[in-house]
Q: 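Got a structure here, written out as structure tokens. Questions coming.
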Amino acid sequence: MTQNPQIKPAPIKHALTTTRAGDFAAWYQEVISAAEMAEESGVRGCMVIRPWGYGIWERIQHLMDARIKAAGVENCYFPLFIPLSYFAKEAEHVDGFAKEMAVVTHHRLIADGKGGLVPDPEAKLEEPLIVRPTSETVIGQAMARWVQSWRDLPLLTNQWANVVRWEMRTRMFLRTSEFLWQEGHTAHADRTDAMAETLRALEMYRSFSEEALAMPVVAGEKPENERFPGAAATYSIEAMMQDGKALQAGTSHYLGTGFAEAAGIHYQNKEGQQALCHTTSWGVSTRLIGGVIMTHGDDDGLRVPPAIAPQQIVILPMLRDTDEYEALLAYCEELRSSLAKQQALGEPIRVLHDKRPGKATQKRWAWVKKGVPLILEIGGRDAASGQVSVVRRDRLWQDNGKVNFSAMSREDFLGRAASEIEDIQRSLHAEATERRDAQIVRGIDTLDGLKAYFSGDEDKAGQKYPGWVEMGWSRPTGAALEAVVEVLKSLKLTIRNTPLGAGKPEGLCPFTGEAAVETIYVARSY
RNA sequence: CGGGGAGUAGCGCAGCCUGGUAGCGCAUCUGCUUUGGGAGCAGAGGGUCGCAAGUUCGAAUCUUGUCUCCCCGACCA
């Protein structure tokens, strides 16, 4: 077919078999398995998080935990099991979570006489325990004990934990029945203080996403119909995935006094009177990893932002001829230790000398798929002449279809390694921001316009959606809002949030015909 | 939880309709040759065919049940 092989660039042979354009959902699955991030566990909706995936989570924990502590919040740990009676106290909360609860009813197994085991009917629990879907209720019980006086406020706590929600439809990292997260719970003297904390947590998530995950997000308030069960106001950060869908990447809730009332969290104020606390809760989960995959991944696998990469540089000795092993490995080892003494992004550089036996090229592609930011390949001649050969994962290919390695002296590389790492972090963020901004459309101010924009919206393969619409609306409530939600639902759309700091829009609300009072983002979502 | 699809070697799949104790590609191992880089040739190892019952002389193949995964929908971080 190719008439002129000399001038026609060779087709790139990508590391994955599925492309984003071909089948985005299958591509997502393949990245997770090819990058050895997670695998299925045999238990419905639950996954095994493998070292590379868990390493990314540990980085997220490490950086997020520092921010949480810097805000004066203290870590603690509450039980996995919550007495049913605790949970039952907040009515809206119950409505929201009751359908997806794991319940513990027995404490012993006995033989069933057929070689199996069954719960012992004699060992039924007096009161069933639920496996926590979130911990407002138990933590509320503790807060009620801990808070007596205005001097005890604000009470700022956080826990890193696993939670369980019996999901009907699961996807690795994005929605699993059990997931890992951080949940902050705070109690305050009044609304003003609690609201400030809610927004502080939201801003913490926004800056964390942008800076650590290199994932641009919009921070804003969720519409009434999307509120956390029992919350007075819910805020979120929303990220745009490469297929144009929105992902809620973190939430922060102002809970008002509802939970305080249910758990009896009150204090004596300076005037000597009893007052109810205003509480907040906020969390991010392993879902962030799904966001990172769908923000930065490409047709060769994952690309991990350096700030959260378990390893930022991998050194691959090109082991081939036994005679040079020793000198080559010594050279690589020296390189590793020189790099490890340096700092990038405010921390020591994380570098791995991968001297496992095996074909070097095989190992290279494994690291490409894992998305390690910088790969160094070192051959015998490099070692002898003090050179290195390096490729940036975010700039993997040359136009001619070859891997974009560049050779330089060891000194040159040592001199620029840290800035390369920092540049990759910046560059991933810039790329994602540019893509997102290109997929936000403005100026649609009628319902027909919205319908037209999203009709036949999927591309030929059904893998790509036209991004987000930024528009004004009149912020209807109650039944009027329900009507809007129904219209959007028929278009498979949702209101993501009202971005903070967006000025009052001009014109009329396309749903109600009333004057628009605030800006919203409308999109398909995960 | 409703509709659809699927579970066979580490990964991707064929075989199933028309039952006769399992095959291909990649990966793995061995040898030779090559080699500044995703090598070639030859040979080898590796499978309770998701699980459990049933039909049958005989089941990956037919029947029933069950578990898990994927897609669409309802629901949700």
Side-chain angles (χ1 to χ4, degrees), chain A residues 10 12-18 23-26 28-30 33-34 36 39-47 95-101 114-116 133-134 163-183 205 222 225-229 234 236-239 246-253 281-291 300 316-321 324 357-369 375 377-385 387 389 391 396-397 401-403 405 407 458 462-463 489 492 494 525-526:
Chain A
I12 291 175
K13 189 182 165 194
H14 286 291
L16 300 184
T17 56
T18 318
D23 187 340
F24 196 80
Y28 177 76
Q29 294 292 135
E30 191 180 353
S33 110
E36 299 181 348
E39 62 189 20
E40 55 173 278
S41 61
V43 181
R44 185 188 181 87
C46 296
M47 61 180 171
D95 280 350
F97 285 107
K99 321 186 268 301
E100 49 183 41
M101 207 64 69
K114 291 178 266 180
T134 179
V163 288
V164 168
R165 298 175 187 178
W166 213 263
E167 297 291 347
M168 291 296 112
R169 189 174 171 189
T170 59
R171 284 166 185 269
M172 291 241 185
F173 291 112
L174 296 176
R175 178 171 293 104
T176 45
S177 290
E178 179 189 16
F179 58 94
L180 308 181
W181 77 346
Q182 146 286 303
E183 48 179 324
Y205 291 155
K222 282 290 200 184
N225 63 305
E226 301 268 358
R227 275 183 200 143
F228 175 75
T234 286
S236 72
I237 52 169
E238 301 282 331
L247 179 75
Q248 179 171 308
T251 50
S252 183
H253 315 288
S281 69
W282 28 273
V284 292
S285 70
T286 35
R287 169 178 266 196
L288 288 177
I289 296 173
D300 295 294
L316 296 177
M318 305 301 282
L319 299 171
R320 184 178 292 125
D321 181 350
E324 40 183 50
K359 267 187 245 175
T361 48
Q362 203 78 43
K363 291 196 285 179
R364 174 217 287 169
W365 290 104
W367 285 112
V368 164
K369 288 183 277 191
I375 298 173
E377 292 191 1
I378 312 294
R381 242 177 278 168
D382 292 315
S385 64
Q387 297 278 119
S389 181
V391 66
L396 189 61
W397 301 103
K402 291 191 170 160
V403 178
F405 274 103
E458 298 174 27
Q463 303 304 327
K489 201 173 179 180
K492 296 181 187 168
T494 55
S525 70
Y526 276 97

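Naming convention: chains lettered A, B, ... in sequence-line order (proteins, then strands); numbering from 1 in each chain.
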Q: What integer distance in Å separates A:Arg171:CZ from B:A77:C1'?
A: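 Distance check: A:Arg171 CZ to B:A77 C1' gives 14 Å.
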Q: Considering only B:G37, B:C75, B:C71, which nucleotide approaches the side chain of A:Ser389 most closely?
A: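 Closest of the options to the side chain of A:Ser389: B:G37.
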Q: I need the CE-P distance between A:Met168 and B:C71, as an integer number of Å.
A: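 In whole Å, B:C71 P and A:Met168 CE are 16 Å from each other.
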Q: CD1/A:Ile237 to CG/A:Leu288 distance, rounded to the nearest 0.5 angstrom?
A: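 It is 6.5 Å, given to the nearest 0.5 Å.
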Q: A:Val368 and side-chain contact (heavy atoms from CB on, under 4.5 Å): which partner among A:Val403, A:Val391, A:Asp300?
A: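 Considering A:Val403, A:Val391, A:Asp300, a side-chain contact (heavy atoms from CB on, under 4.5 Å) with A:Val368 is found only for A:Asp300.
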Q: Using heavy atoms to find the nearest nucleotide of RNA chain B for A:Thr361 and A:Pro229 separately, return the residue whose nucleotide is more 5′.
A: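 By nearest-heavy-atom nucleotide position, the 5'-most residue is A:Thr361.
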Q: Using a 4.0 Å heavy-atom cut-off across all strands, classify A:Lys489 as base, sugar-phosphate, or nothing.
A: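 A:Lys489: backbone/sugar contact only, no base atoms under 4.0 Å.
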Q: Any strand counts, and the cut-off is 3.5 Å on both contacts for Watson-Crick or G-U wobble. Which nucleotide pairs with B:C32?
A: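 In the structure as shown, B:C32 has B:G40 as its Watson-Crick or wobble partner.
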Q: Assign A:Gly290 to base, sugar-phosphate, or nothing according to its heavy-atom contacts below 4.0 angstrom with the strands shown.
A: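 Counting heavy atoms under 4.0 Å across all strands, no contact is made by A:Gly290.
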Q: Measuring from the side chain of A:Ala25 (C-beta onward, heavy atoms only), which nucleotide among B:A39, B:G37, B:C71 has the closest atom?
A: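 Looking only at side-chain atoms, A:Ala25 lies closest to B:C71.
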Q: Please pick, from B:A39, B:A77, B:G37, the nucleotide with the shortest atom-to-atom distance to any side-chain atom of A:Glu377.
A: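 Nearest to the side chain of A:Glu377 among the choices is B:G37.
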Q: Which base, if any, makes a Watson-Crick or G-U wobble pair with B:C26, both distances under 3.5 Å?
A: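 Pairing partner: B:G10.
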Q: With heavy atoms under 4.0 Å as the rule, sort A:Glu40 into base, sugar-phosphate or nothing.
A: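 The residue A:Glu40 makes sugar-phosphate contact but no base contact.
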Q: How many whole angstroms separate atom CG of A:Asn225 from atom C1' of B:C76?
A: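 Checked: the CG to C1' distance equals 13 Å.
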Q: For A:Phe405 and A:Arg364, what are the C-alpha separation, side-chain angles and deciding distance, and is it a side-chain contact (heavy atoms from CB on, under 4.5 Å)?
A: CA-CA 12 Å; A:Phe405 274 103; A:Arg364 174 217 287 169; 3.6 Å; yes
Q: With both distances under 3.5 angstrom, what nucleotide forms a Watson-Crick or G-U wobble pair with B:G47?
A: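 Its partner is none (no Watson-Crick or G-U wobble pair with both distances under 3.5 Å).
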Q: For atom C1', what is the distance between B:A44 and B:G4, given to the nearest Å?
A: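 The answer is 43 Å between these two C1' atoms.
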Q: Between A:Ser236 and A:Gln248, do the side chains contain an N or O donor and an N or O acceptor separated by less than 3.5 Å?
A: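 Checked: A:Ser236/A:Gln248 side chains show no N/O donor-acceptor pair below 3.5 Å.
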Q: Under 4.0 Å, counting only non-hydrogen atoms across every strand here, what does A:Arg165 touch: a base, just sugar-phosphate, or nothing?
A: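 Touches a base.
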Q: Rounded to the nearest 0.5 Å, what separation is found between the CZ atom of A:Phe173 and the OH atom of A:Tyr526?
A: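 Answer for the CZ-OH pair, A:Phe173 versus A:Tyr526, is 15.0 Å.
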Q: Between B:C16 and B:G50, how far apart are the P atoms? Round to whole Å, please.
A: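 Approximately 15 Å lies between the P atom of B:G50 and that of B:C16.
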Q: Without decimals, in angstroms, what is the distance between A:Glu167 CD and B:C75 P?
A: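 To the nearest whole Å, that distance equals 13 Å.
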Q: Nearest to the A:Gln362 side chain among B:A27, B:C1, B:G37, which nucleotide is it?
A: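 For A:Gln362, the side-chain atoms sit closest to B:A27.
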Q: Any base atoms under 4.0 Å from A:Val163, or only sugar-phosphate, or nothing? Heavy atoms, all strands.
A: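 No contact.
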Q: Mind checking who B:A74 pairs with, Watson-Crick or G-U wobble, both distances under 3.5 Å?
A: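 Result: none.
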Q: Round to the nearest Å and state the distance from A:Met47 atom CE to B:A77 atom C1'.
A: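 Whole-Å distance recorded here is 12 Å.
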Q: So if I take every side-chain heavy atom of A:Phe179 and compare against B:G37, B:A77, B:U68, which nucleotide ends up nearest?
A: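 Comparing B:G37, B:A77, B:U68 against the side chain of A:Phe179, the answer is B:A77.
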Q: With a non-hydrogen cut-off below 4.0 angstrom, is A:Thr251 in contact with a base, only sugar-phosphate, or nothing?
A: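 Here A:Thr251 touches no strand at all.
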Q: Within the 4.0 Å heavy-atom criterion, would you say A:Ser385 contacts the bases, only the backbone, or no part of the nucleic acid?
A: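 Since no nucleic acid heavy atom lies under 4.0 Å of A:Ser385, the category is nothing.
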Q: Say we look at B:A52 and B:A14: how far apart would their C1' atoms be, to the nearest angstrom?
A: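 Roughly 26 Å separates the two C1' atoms.
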Q: If we take the C1' atom in both B:U61 and B:G15, what is their distance in whole Å?
A: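 Here B:U61 and B:G15 have their C1' atoms 9 Å from each other.
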Q: Assign A:Leu174 to base, sugar-phosphate, or nothing according to its heavy-atom contacts below 4.0 angstrom with the strands shown.
A: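 Result for A:Leu174 = base.
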Q: Minimum heavy-atom separation for A:Pro317 to A:Ala360, with atom names?
A: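 Closest heavy-atom pair between A:Pro317 and A:Ala360: O-CB, 4.0 Å.
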Q: Quick one: label A:Trp367 by what it contacts on the DNA or RNA (base, sugar-phosphate, nothing), any heavy atom closer than 4.0 Å.
A: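 Counting heavy atoms under 4.0 Å across all strands, no contact is made by A:Trp367.
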Q: Looking at the side chain of A:Arg175, which of B:C76, B:U28, B:C70 is the nearest nucleotide?
A: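 Closest of the options to the side chain of A:Arg175: B:C76.
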Q: Would you mind reading off the distance between A:Glu30 atom CD and B:C13 atom P, rounded to a whole angstrom?
A: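 Distance check: A:Glu30 CD to B:C13 P gives 10 Å.
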Q: To the side chain of A:Lys492, which of B:C71, B:G37, B:G73 is closest?
A: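 Closest nucleotide to the A:Lys492 side chain: B:G73.
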Q: As an exercise, state the distance from CZ of A:Arg44 to OG1 of A:Thr170, rounded to the nearest 0.5 Å.
A: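 Reported value, rounded in 0.5 Å steps: 7.0 Å.
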Q: Between A:Arg364 and A:Ala249, who's closer to the 5' end of RNA chain B by nearest nucleotide?
A: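 Checking each residue's closest nucleotide, the 5'-ward one belongs to A:Arg364.
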Q: Look at A:Arg287 and B:C76 and indicate whether a side-chain polar atom (N or O) is within less than 4.0 Å of OP1 or OP2.
A: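 Checking A:Arg287 against B:C76: no side-chain N or O falls below 4.0 Å of OP1 or OP2.
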Q: Categorize A:Phe97 for me: base, sugar-phosphate, or nothing, with a 4.0 angstrom heavy-atom threshold over every strand shown.
A: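 Answer is nothing: A:Phe97 stays at 4.0 Å or more from every strand.
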Q: Please give, in whole Å, the distance from B:A77 C1' to A:Trp166 CH2?
A: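 In whole Å, B:A77 C1' lies 17 Å from A:Trp166 CH2.
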Q: From the options B:A77, B:C1, B:U68, select the nucleotide whose nearest atom is closest to the side chain of A:Ser285.
A: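 Comparing B:A77, B:C1, B:U68 against the side chain of A:Ser285, the answer is B:A77.
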Q: Picking from B:A77, B:A27, B:C75, which would you name as closest to the side chain of A:Lys99?
A: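 Of the options given, the side chain of A:Lys99 lies nearest B:C75.
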Q: Output the rounded distance in Å from CE (A:Met172) to C1' (B:A77).
A: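 To the nearest whole Å, that distance equals 18 Å.
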Q: Please name the nucleotide paired to B:C57 by Watson-Crick or G-U wobble geometry with both distances under 3.5 Å, or report none.
A: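 Partner of B:C57: B:G20.
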Q: So which heavy atom on A:Val284 is nearest to which on A:Gly250, and how close?
A: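 In terms of heavy atoms, the two residues are closest at CG1-CA, 3.8 Å.
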Q: So, are A:Lys222 and A:Glu238 salt-bridged, with charged N and O less than 4.0 Å apart?
A: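 Salt bridge: yes.
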Q: Using a heavy-atom cut-off of under 4.0 Å over every strand shown, decide if A:Gly380 touches base, sugar-phosphate, or nothing.
A: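 Touches a base.
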Q: Starting the side chain at C-beta, find the nucleotide from B:C76, B:A77, B:C70 nearest to A:Thr170.
A: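 Side chain of A:Thr170 sits closest to B:C70.
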